[in-house]
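Below is one structure, written out as structure tokens; comments come after it.
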Amino acid sequence: MCFFEENLVPELVGLSRDGSVAVITVDNPPVNALKHDMRVGLIEAFAQARNDAGVAAVVLMAAGRTFIAGADITEFDKPPRTPATGDVIDAIEAMPKPVIAALHGTPLGGGLEVALGCHFRIAAPGTRLGLPEIKLGLMPGAGGTQRLPRLVGMEQAMAMILSGDPIPADQALASGLIDEIAEGDLRAAGIAFAKRILAERRPLTRARDREDKLAALRADPKPFDDLAAPHLKRGRGLEAPKAAIEALRWALDLPVDDALRRERDTFIALRNGEQAKAQRHIFFAEREAAKISDLPRDVKGRDIARAAVIGAGTMGGGIAMNFANAGIPVTIVETGDEALKRGLGVIEKNYQASAKRGAMSADSVQKRLALIEGTTDIGKIADADLVIEAVFEDMDVKRDVFGKLDRLTKSGAVLATNTSYLDVNAISDMTQRPSSVVGMHFFSPANVMKLLEIVRGAKTAPDILATAMSVGRKIGKVPVVVGVCHGFVGNRMLRLRSIESERLLLEGALPQDVDGALTEFGFPMGPFAMGDLAGLDISWRMRKAQGARAEIADQLCEQGRFGQKTGKGFYLYEAGARTPVPDPEVERLILATAQRLGVIRKALDRKEIIERLLFPMINEGARILEEGIAQRPGDIDVIWVYGYGFPRWRGGPMFYADSLGLPYIRDRLIQFARQTGDPRHEPAPLLARLAEAGEGFASLSRTS
Ligand code: 3H9
């Protein structure tokens, strides 16, 4: 029963009563981000509850789809304002009456920290709790590094804070993070829990005072370093993981108030740093990329209840796994039994490997496999709502497939091509329903890589585009709309980098120099190790078809050096190993080729290598924007971060360009054009214009 309902800060924080239990409810859609006004409202609400003799306990909860999902990230570019989240938590923790957080949705970051400041926590089933700050280049800044280890122990706290991944409610219960899983109406459950606490006269437990789970480590802190070592190794080059480990260590070494003060200072320093700015950019760019600027708001995607994939090769199999993972039944069509059996076998092996790693239970492997049907009868696609073609990159083959799709699929089905380079408009014109055709360009391995380029053809209908976007999200991808051109956004830019990396070999670098420069920059792999992994013969075949040549790569292929699969490529590989070993034979081949072509080699340092590789790509990105192939610079950044391993903490190529300043990039491009004689290096008109105006690519998003 509700005795009174009062909005303390209009719309944001409400206070109601059920007998002696006060219920404080925050309401800031969509995710209840803890913005300044909400913090003010919470302080006031708790003061009221504290001073009201009729209130014996307080339940804190949230309206809408989730408990507080963190600090309001949009405030991070502004000066900090009080009350800070830490002030709210102090006020809650100091309450002389029990405070119960009733959680649902995704209590994350500052939201979970608020809950950690409460004396008890209950959660609805399905709640996912986490401290994801690390994904924003931050660490928890309102007590998370101090209260979480005290509640769940150091190992689990470190895993949560360093991965940033949330844990489900049952794991939270098992680890002591929450006290109960509450079935049914959450408000009623919170009130009932509060009444029980009062009736049992349970003492208030403040996480900051708990010492039991840290006592052993305090006595012998050695295991702390062992726990931290793998996280530090993985986070090399990043500021946040190092800072988070240091802060966790303070939980062992410092009085809690000192540790909390230092934690906040470090958080603010990280927040103001370049790495966090870049990661914030990607956070918002990813969400912006989901929006299609000229699509009317009322256009909704169609429901995809059943999918089909044509082709059971590596790509087709990976694509099908995404649907099975999302619980959508999927039919895989192959032309022959042998190829089908092989494809299905690879899928099963991939799932078994996940189960072996502990990433998936045997039961969920079986459930997923049961959702995948293999067939050689293409007629089986008749009831599919979406068909994705993943066959050989050849227009004649595509024509044959799309002719069949046109004849066999039901009306209203989405017909998608997974082509990486081919003209989606030409493909759509092979059907009687070009408005139903769209590109869905997955990245290899398709079951792992998050990026999905959604290629919008000239005739693609708005609701087909919206469907491709929504199904992309449903299968866990980050979909980005791109226009039709050779290679779309990602591969078109990559091509420039590939040309340049070959050139650098002739001009003075070795494969390991180029790869080393890029991995030091933050890419997981350089182009030559990557080529060896993917198989050099694939791009060789493509070059031959186009009458193009790559001096060094072609010679390697002519010698049968296709990369890892033949044990030799740009590098040597010992039997069964995947570690690239520099090969003196390749060095000799490079030197001889340079001599034959009359190129005088000179030493190239890492800075020059990076600029030669990345600036032409950025220049191409500017052309892509001018041509409207990408909607916004942030979309290009998202593509590169999710599809090509561009370091997230550098914000993607266009953000990185802005951070260096476009005038510098323009001047270097002019030099490169002169040096190489390659007109592609002439600054793109958009880049030149922005540089001249003293603007960056970001200014395009502000005005669009
Ligand atoms: C932190 O808490 C620091 C503390 O330790 C210390 C403080 C002193 N702020 O993702 P969606 C927007 S750091 C502002 O599409 P979903 C988002 O931009 C923070 N805005 O929904 C989007 O806007 P739009 C720690 C936010 O259902 C809309 O909400 N917390 C925030 O797929 C819907 O978002 C995090 O890192 C925010 N915190 O996923 C959590 N969060 O509609 C970050 C979202 O205009 N958030 N928005 O495009 C998430 O992970 C997901 O949004 C969530 C919902 C899982 C919550």
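For this chain, numbers begin at 1 and follow the sequence in order. For ligands, and for the atoms within them, numbers begin at 1 and follow the listed sequence.
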Counting only heavy atoms, tell me which of [options] gets closest to [atom].
| atom | options | result |
| --- | --- | --- |
| atom 4 (C) of ligand 1 | Glu113, Arg280, Gln279 | Glu113 |
| atom 46 (N) of ligand 1 | Phe267, Phe67, Phe283 | Phe283 |
| atom 26 (C) of ligand 1 | Asp72, Val31, Leu112 | Val31 |
| atom 38 (N) of ligand 1 | Ala69, Ala71, Gly70, Ala142 | Ala71 |
| atom 53 (C) of ligand 1 | Ile68, Thr106, Leu34 | Thr106 |

Do any nitrogen or oxygen atoms of [X] lie less than 3.5 angstrom from nitrogen or oxygen atoms of ligand 1?
| X | answer |
| --- | --- |
| Arg264 | no |
| Thr74 | no |
| Gly109 | no |
| Gly141 | yes |
| Phe76 | no |

Just by distance, no angles: are the side chains of [X] and [Y] close enough, under 3.5 Å, to form a donor-acceptor pair?
| X | Y | value |
| --- | --- | --- |
| Arg650 | Ser659 | no |
| Asn418 | His441 | no |
| Arg234 | His231 | yes |

Derivation and outcome, side-chain hydrogen bond (donor to acceptor under 3.5 Å, both in side chains), residues Ser16 and Arg187 = CA-CA 11 Å; Ser16 64; Arg187 185 175 191 275; 2.8 Å; yes
Are any of the heavy atoms in [X] under 4.0 Å away from ligand 1?
| X | value |
| --- | --- |
| Lys291 | yes |
| Pro140 | yes |
| Pro132 | yes |

What protein heavy atom sits nearest [atom], and how far away is it?
| atom | answer |
| --- | --- |
| atom 5 (O) of ligand 1 | Glu133 OE2, 2.4 Å |
| atom 33 (C) of ligand 1 | Arg65 NH2, 3.6 Å |
| atom 17 (C) of ligand 1 | Arg287 CD, 3.6 Å |
| atom 28 (C) of ligand 1 | Pro30 CG, 3.6 Å |
| atom 9 (N) of ligand 1 | Ile73 N, 2.9 Å |

Are the side chain of [X] and the backbone of [Y] linked by a donor-acceptor contact shorter than 3.5 Å?
| X | Y | answer |
| --- | --- | --- |
| Glu453 | Gly490 | yes |
| Thr205 | His119 | yes |
| Asp72 | Ala33 | no |
| Gln279 | Gly651 | no |
| Arg264 | Leu260 | no |

Mind checking whether Leu131 contacts ligand 1 via backbone (N, CA, C, O), side chain (CB onward), both or neither, at a 4.0 Å heavy-atom cut-off?
->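 None of Leu131 does.
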Tyr644 and Phe443: aromatic ring centres closer than 6.0 Å?
->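 Yes, ring centres under 6.0 Å apart.
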Could you tell me if the ring centre of Phe67 sits under 6.0 Å from that of His104?
->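 Between His104 and Phe67, which both carry aromatic rings, the centre distance is not below 6.0 Å.
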Would a search of protein heavy atoms around [atom] find one under 4.0 Å away?
| atom | result |
| --- | --- |
| atom 23 (O) of ligand 1 | no |
| atom 35 (C) of ligand 1 | yes |
| atom 30 (N) of ligand 1 | yes |

What atoms of ligand 1 come closer than 4.0 angstrom to any heavy atom of Gly110?
->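 Selected atoms, number and element: 1 (C), 2 (O), 4 (C), 5 (O).
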Provide the number and element of each atom of ligand 1 under 4.0 Å from a heavy atom of Phe284.
->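 That gives atoms 18 (O) of ligand 1.
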Could you give me the CA-CA distance, side-chain angles and deciding distance for Ile328 and Leu371, then say whether side chain to side chain contact (heavy atoms under 4.5 Å, CB included) is met?
-> CA-CA 7 Å; Ile328 301 172; Leu371 287 169; over 6 Å; no
Is it true that atom CZ of Arg81 has more than 12 heavy atoms of other residues, nucleotides or ligands lying nearer than 6.0 Å?
->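 Not more than 12 within 6.0 Å, no.
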Within 45° cone of Phe284 ring axis and under 6.0 Å: Arg280 NZ or CZ =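 Judged by the rule, Arg280 and Phe284 form no cation-pi pair.
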